[in-house]
K.L.:
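First the structure, which I've put down as structure tokens, then a few questions once you've had a look.
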Amino acid sequence: MNNSGNKTKGGCIATIILLGLISLLFVGFGIMNLIAHGDYYFGSAQDISEMTEGGGSPEKGEYVQVGVDVCFDWYAETTHKVNGIPTGKEQHCIIMLENGDIMSLTVKGKKNYAKIDEVIDSTWDYLYDTTGTKYLHTPVIFEGKIESVGSEVKKYYDEYMSDLLDACEASWGYRPNYYELTIDTTDNKISTLLYYLLGTLIVALFVFGIVSSAKSLKAIKTAERAGYDSSAYMQNKQNNTNSGNSGNVYGNDIVGYSNMPDNNYINDIVSGNQNDDNGGFNL
């Protein structure tokens, strides 16, 4: 076998090893993540009021449901970009929980923005009402994962909370407890499982690449055992694939390749008969 043939075999082997390692990394990461967060992916959302009753606190990483009937205002907006092109955004607002504690809520989508705007209007109408005829908005239900307030918006959260707590103390005589946490409704189970589906598709493509490389490696070895130049075999196979003649792996232009054996394979290969009784490669 010539040096070109060695390189062809080496390339197939390297591809198999590389794609195999990447696939194992993807699968390993997925398994470890499922072990660590299985309750989040497959459990039901816990009502945050149950989590905070009796002096309890929201726990980072928990998947919760919250009914929002008090929201003070939006305090920040996060815009995502790829190569300078906006790809999406979410907005952050400040809500009060059923027990009177305050935290952040992160939402995206025009419908959700509109719902929160209605709650904000109702909240301030209720707070400033002197007639006793105003009521809080019917709780709007959201589900999401509890996360730390992101570093990119923490400055705005702290500034707003400082002013809000001062106003609460002046009006109510006390400063409510608050958490530097947000309920991220954009990080829900569906979006997370879609990431897993994408990862599964990527692994499937890698496996397809491994199988294709393994078949090519097997074909090269078969060609070598019959006395053919493996690099010529692979080049001719590519030529026929590119021309749409994928059924004729060898094709008539194999005449002229080096190392042609003087045996009864020649007629079959030249005519493209790969699998008849006179010989040919049955790959």
Side-chain angles (χ1 to χ4, degrees), residues 29-78 80 87-123 126 135-154 156-157 160-161 164 176-201:
F29 173 79
I31 291 174
M32 288 188 295
N33 198 272
L34 284 174
I35 292 174
H37 304 288
D39 292 341
Y40 163 62
Y41 296 130
F42 303 108
S44 58
Q46 181 180 359
D47 192 322
I48 197 168
S49 62
E50 297 177 359
M51 187 179 294
T52 56
E53 66 181 359
S57 301
E59 296 291 336
K60 181 180 175 182
E62 293 292 335
Y63 187 68
V64 299
Q65 180 184 92
V66 60
V68 180
D69 58 358
V70 176
C71 183
F72 295 100
D73 207 351
W74 303 103
Y75 70 88
E77 178 181 281
T78 303
H80 302 285
T87 57
K89 68 178 182 179
E90 59 252 6
Q91 293 186 188
H92 313 269
C93 59
I94 295 177
I95 64 173
M96 177 173 280
L97 303 179
E98 189 175 317
N99 68 346
D101 291 347
I102 296 173
M103 66 186 301
S104 169
L105 178 76
T106 301
V107 299
K108 67 178 179 180
K110 292 182 178 180
K111 290 183 178 180
N112 288 329
Y113 300 156
K115 291 177 181 178
I116 292 297
D117 282 336
E118 291 179 0
V119 176
I120 292 173
D121 291 342
S122 296
T123 297
Y126 177 80
Y135 300 92
L136 292 175
H137 196 283
T138 301
V140 180
I141 305 301
F142 289 97
E143 290 186 1
K145 188 177 181 181
I146 298 179
E147 301 281 6
S148 298
V149 173
S151 58
E152 68 278 6
V153 300
K154 186 177 185 302
Y156 306 106
Y157 182 66
Y160 193 97
M161 284 306 307
L164 179 61
N177 182 42
Y178 80 98
Y179 309 100
E180 290 190 348
L181 297 171
T182 189
I183 302 174
D184 187 357
T185 66
T186 69
D187 184 16
N188 52 44
K189 291 182 178 181
I190 294 177
S191 62
T192 303
L193 292 176
L194 284 177
Y195 281 119
Y196 268 93
L197 177 60
L198 177 61
T200 301
L201 291 175

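Values in this document were obtained by computation on a predicted structure and should not be read as measured data.
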K.L.:
Are the side chains of D69 and Y135 in contact, using a 4.5 Å heavy-atom criterion?
P.N.:
no

K.L.:
In the structure I gave you, are the side-chain heavy atoms of I116 and Q91 within less than 4.5 Å of one another anywhere?
P.N.:
no

K.L.:
Can you check side chain to side chain contact (heavy atoms under 4.5 Å, CB included) on E147 and K60, steps first, answer last?
P.N.:
CA-CA 5 Å; E147 301 281 6; K60 181 180 175 182; 4.1 Å; yes

K.L.:
In this structure, are over 12 heavy atoms from other groups packed under 6.0 Å from Y156 atom OH?
P.N.:
no

K.L.:
Decide yes or no on ring-ring contact (aromatic ring centres under 6.0 Å, His included) for Y157 and Y75, but give the supporting numbers first.
P.N.:
CA-CA 6 Å; Y157 182 66; Y75 70 88; 5.2 Å; yes

K.L.:
Compare every heavy atom of V119 with every heavy atom of V68, then report the nearest pair and how far apart it is.
P.N.:
O-CG2, 3.9 Å

K.L.:
Going by heavy atoms in the side chains, are T185 and L105 under 4.5 Å from each other?
P.N.:
yes

K.L.:
Can you tell me how far NZ of K154 sits from CE of M161, rounded to the nearest 0.5 angstrom?
P.N.:
11.5 Å

K.L.:
Find the distance between OG1 (T52) and CE (M103) and round it off to the nearest 0.5 Å.
P.N.:
9.5 Å

K.L.:
Show, in sequence, the C-alpha distance, side-chain angles and deciding distance for W74 and V107, and conclude whether the side chain to side chain contact (heavy atoms under 4.5 Å, CB included) test is met.
P.N.:
CA-CA 11 Å; W74 303 103; V107 299; 3.8 Å; yes

K.L.:
Is there a side-chain contact between L97 and S49 (heavy atoms, below 4.5 Å)?
P.N.:
no

K.L.:
If I take atom CD1 from residue I120 and atom CD1 from residue I95, how far apart are they, to the nearest 0.5 angstrom?
P.N.:
11.0 Å

K.L.:
Is it the case that more than 12 heavy atoms not belonging to Q46 sit under 6.0 Å from its CD atom?
P.N.:
yes

K.L.:
Does Y113, at its OH atom, have more than 12 non-hydrogen atoms belonging to other residues, nucleotides or ligands within less than 6.0 Å?
P.N.:
yes

K.L.:
Would Y178 and L164 satisfy side chain to side chain contact (heavy atoms under 4.5 Å, CB included), going step by step from the backbone distance to the final call?
P.N.:
CA-CA 11 Å; Y178 80 98; L164 179 61; over 6 Å; no

K.L.:
Which heavy atom of G67 sits nearest to which heavy atom of I141, and what is that distance?
P.N.:
CA-CD1, 3.7 Å

K.L.:
Rounded to the nearest 0.5 Å, what's the gap from CE on M51 to CD on E62? Could you check?
P.N.:
4.5 Å

K.L.:
Could you check H92, E90, K89 and say which one makes a side chain to side chain donor-acceptor pair (under 3.5 Å) with T78?
P.N.:
H92

K.L.:
Among all residues two or more places apart in sequence or in another chain, which pass the salt bridge (Lys or Arg N to Asp or Glu O under 4.0 Å) test with E59?
P.N.:
none

K.L.:
In terms of side-chain heavy atoms, does D184 have a donor or acceptor partner in T182 at a distance below 3.5 Å?
P.N.:
no

K.L.:
Treating T123 as the side-chain partner and C71 as the backbone partner, does any N or O pair qualify as donor plus acceptor under 3.5 Å?
P.N.:
yes

K.L.:
If you round to the nearest 0.5 Å, how far is CG of D117 from CG of D73?
P.N.:
9.0 Å

K.L.:
Whether the side chain of S104 engages the backbone of I94 through a donor-acceptor N/O pair (distance < 3.5 Å, no angle test) should be reported.
P.N.:
no

